[in-house]
Protein chains: 2
Amino acid sequence: MQTPTLRDVADAAGVHPATASRALNPATRGLVNAETAKRVIKVADSLGYRPNPIARGLKTAKSGTVGIVIPDLTNPLFPPILRGIEDVLEPAGYSGLIVSTDNDSDRERTLIESLRSRQVEGLVVATALLDHPLLEQLHREGVRMVMVNRRPRDLDVSSVTPDDALGIELAVRHLVELGHTRIAHLAGPSSTSTGVARAKAFRNAVRDLGLTDEPALARECAAWTEEAGAAALRDLRAAGADFTAVVASNDLIALGCYDVLAECGLHAPDDLSVVGFNGMPFLDKLAPPLTTVTIAHHRLGGEAARLLLEAITEPDRPARSVLLPPTLVVRASTAAPR
Amino acid sequence: MQTPTLRDVADAAGVHPATASRALNPATRGLVNAETAKRVIKVADSLGYRPNPIARGLKTAKSGTVGIVIPDLTNPLFPPILRGIEDVLEPAGYSGLIVSTDNDSDRERTLIESLRSRQVEGLVVATALLDHPLLEQLHREGVRMVMVNRRPRDLDVSSVTPDDALGIELAVRHLVELGHTRIAHLAGPSSTSTGVARAKAFRNAVRDLGLTDEPALARECAAWTEEAGAAALRDLRAAGADFTAVVASNDLIALGCYDVLAECGLHAPDDLSVVGFNGMPFLDKLAPPLTTVTIAHHRLGGEAARLLLEAITEPDRPARSVLLPPTLVVRASTAAPR
DNA sequence: CTGAAAGCGCTAACAG
DNA sequence: CTGTTAGCGCTTTCAG
């Protein structure tokens, strides 16, 4: 026998399917005689009945699902964000459909199309670029969405992002307090809000702390990756820049710095102090353990999910943006300059 | 205007919805006049029509989705497996619904229930325990599934797992060739096939290579975690065991060994050679870089997805088990004993 | 080759 | 409080 339907339950309980439906749905149970409800429920679970949310969705135009759009699952930044999202979604009776765009905008378009055809009620988006036509279009079409980690410029959508300015300031202040005066910055791609915000925050922090802001000490990385970080640092060194510390725009870029140091037979922090950003796992096991600005990624995801659920239940609420405060975790990759 | 339905397309093209349906579905397009089909298709995409897979699923009892059950997304072992799965699913027109059980069997039951109610056509399961009543029950109920990474004992289901025996043999042989004769093993939980298989393989390898198999040199870890690995190594040391190398049953357990060495002011490989298993990312950045047995996790996932699709399209095929060959990656955590 | 009709499993009016 | 009716969007007989 196949999985029983609402009809089977109704027949077995001697009631009409509509009554069974009402009895089984907590929200409408009040409309039904308590006795009948009890009986229906008993029959239902003796038959092992389990409602078919697909059929329900067809009728109610609510799927109980939201789409989660991330660039790359293998980037250790995202699993904790996903966990945070799921931890909020699940108790609310929603489930998340996760897709990985691979930083490919065609793929992103296709995957979001497929999410929409699956009738997701909203989107949590972690792939935002500063200038992101697809997201603008979706927004115009009235798709409910929340940005996490990054956000587009000029788009009135809710978002949950780290307080990049504060994070970078913590990093720079730490280096200045150690005595560094020539500090380089390896910025993330300028196509992302985080890349731009951190680069700008770096310049501000440097000035605020009384150092001079030297453009020659900054490089933009082509991607948020180890390879791009390594390339940027090589470039900086090749240009003859003189610096004793580097603030990397994320941890992977910082790892790229480690690679370059190893190539050159140099060591952190003796030859160069290095600070990362994000607080990936296992950073404490590196050689040397990496000083980094840490974000509570779990919370980042949780807040985003909460905002999305809110947008779903109260569509008229204006967009809100949440900034999560970072903390600096000092480890052995930073020390006073020699 | 809302997203157009098949009816809208049919009306606009001046045909019956049934005809439009046939024209739009490549599989039934042959049943329709080529001209008509062409016209319908043109109208469809001028309207931006996109079929509703939910409604289709309701009728055809096929959802185009499979469930993916993993213990914990934040374990770096799983993202590459997921990638491998998605890379196979997607071109086949399927999508994966990912759930994270958190190693909690109640949660697992609930989540699998919810996947089934969402009409998944099959399951890729990465949470298998050797003795796993829930999976046995699902199997009896005819749920199509494929195990990945681990598998239950005595259950006739398809699986894709690493060749644990070969992997451990590579590790032990490497240590023996370096001159080690007293080698310890930190086994994974004996509730999992990988834990048991690797422990057994260790004993065999030791004997085959002419050493004596000493039970006093083995400990079972309570979990596949850093903490459990550390606890096991502490225990071994406290018991006064004498050994110069340790084969950890996975990389996280090996990281636990690093923690204990650091606590005691000791260093790998001088005081103890350490070998891991899995080939997690960033192992090359550790202090010291970890020698490990590497598995192509991406392929592990890909093969599993392929087997599942096969089981879906040809339900009568017998179960198959695929063993993926590991390779040993030698880094600086192993050296000749002092 | 195409239209008519029925129905997948469920819920939302509307009566009674 | 409960049954009737209708229909979500699509596919699939079955006729024509």
Side-chain angles (χ1 to χ4, degrees), chain A residues 1-41 43-44 47-65 93 114 116-121, chain B residues 1-41 43-44 47-65 93 114 116-121:
Chain A
M1 181 192 115
Q2 269 314 40
T3 160
T5 99
L6 183 60
R7 240 194 112 110
D8 299 329
V9 174
D11 289 353
V15 297
H16 191 272
T19 307
S21 167
R22 291 187 274 248
L24 261 11
N25 184 332
T28 50
R29 191 167 299 152
L31 304 174
V32 142
N33 182 315
E35 288 306 309
T36 329
K38 195 172 295 181
R39 181 157 44 92
V40 171
I41 292 173
V43 171
L47 289 183
Y49 169 73
R50 292 151 26 57
N52 181 333
I54 302 218
R56 185 209 306 263
L58 191 53
K59 180 70 192 178
T60 59
K62 310 200 131 277
S63 61
T65 59
S114 120
R116 292 185 71 189
S117 76
R118 286 181 192 281
Q119 315 297 118
V120 295
E121 295 180 41
Chain B
M1 179 191 114
Q2 270 313 41
T3 161
T5 97
L6 183 60
R7 241 194 109 111
D8 299 329
V9 174
D11 289 352
V15 296
H16 192 271
T19 308
S21 166
R22 291 189 273 249
L24 260 13
N25 184 333
T28 50
R29 190 166 299 152
L31 303 175
V32 142
N33 182 314
E35 287 306 310
T36 327
K38 195 172 295 182
R39 181 159 44 93
V40 171
I41 292 173
V43 171
L47 289 183
Y49 169 74
R50 293 155 19 59
N52 181 333
I54 301 217
R56 187 208 306 264
L58 192 53
K59 183 69 191 177
T60 59
K62 310 199 130 280
S63 60
T65 58
S114 119
R116 291 185 72 189
S117 77
R118 287 182 192 280
Q119 315 295 119
V120 295
E121 296 179 41

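The shown structure was predicted, so the numbers you read here are calculated from the model rather than taken from an experiment. Letters A, B, ... are given to chains in the order of the sequence lines, protein chains preceding strands, and every chain is numbered from 1.
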Taking only the side-chain nitrogens and oxygens of [X], find out if one of them lies under 4.0 Å from OP1 or OP2 of [N].
X     : N      : value
A:T5  : C:dC10 : yes
A:R56 : C:dT11 : yes
A:T60 : C:dT11 : no
A:S21 : C:dT11 : yes

Check: [X] side chain, [Y] main-chain N or O, donor-acceptor pair, under 3.5 Å:
X     : Y     : answer
A:R39 : A:A13 : yes
A:D11 : A:D8  : no
A:S63 : A:G57 : no

Distance check, rounded to the nearest 0.5 Å: A:L58 atom CG versus A:Q119 atom CD?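 It comes to 8.5 Å.
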Interatomic distance, A:Y49 atom OH to A:T3 atom OG1 [nearest 0.5 angstrom]: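 Reported value, rounded in 0.5 Å steps: 8.5 Å.
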Want to settle it: does B:R39 or B:L58 sit nearer the 5' end of DNA chain C, counting the closest nucleotide to each?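 Final value for this comparison: B:R39.
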Does A:A18 or B:A55 map to a spot on DNA chain C nearer the 5' end, using the closest nucleotide for each?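 With A:A18 and B:A55 compared, the 5'-side residue is B:A55.
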Name the closest nucleotide to the A:R22 side chain, picking from D:dC10, C:dC10, D:dT2.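 Out of D:dC10, C:dC10, D:dT2, the nucleotide with an atom closest to A:R22's side chain is D:dT2.
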Specify the separation, in whole Å, of atom [atom1] of [X] and atom [atom2] of [N].
X      : N      : atom1 : atom2 : result
B:D11  : C:dT2  : CG    : P     : 16 Å
B:R7   : D:dC10 : CZ    : C1'   : 12 Å
A:N52  : C:dG7  : CG    : C1'   : 14 Å
B:R118 : C:dC10 : CZ    : P     : 14 Å
B:K62  : C:dC8  : NZ    : P     : 18 Å
A:I54  : D:dC10 : CD1   : P     : 14 Å
A:H16  : C:dG9  : NE2   : P     : 16 Å

Taking distance alone, no hydrogens or angles, what donor-acceptor pairs closer than 3.5 Å link side-chain atoms of residues 15-26 of chain B to residues at least two apart or in another chain?
from, atom 1, to, atom 2, distance (Å)
B:H16, ND1, B:A18, N, 3.0
B:N25, OD1, B:A27, N, 2.8

Residues of residues 25-38 of chain B with any non-hydrogen atom less than 4.0 angstrom from an atom of DNA chain C: list those, numerically ordered, please.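 Nucleic-acid contacts, sorted: B:L31, B:V32, B:N33, B:T36.
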Assess whether one donor atom and one acceptor atom, taken from the side chain of B:K59 and the base of D:dG9, lie less than 3.5 Å apart.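 Per atom types, no contact qualifies.
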Can you check whether A:T65 reaches B:R118 side chain to side chain, under 4.5 Å on heavy atoms?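 With C-beta onward as the side chain, the pair touches.
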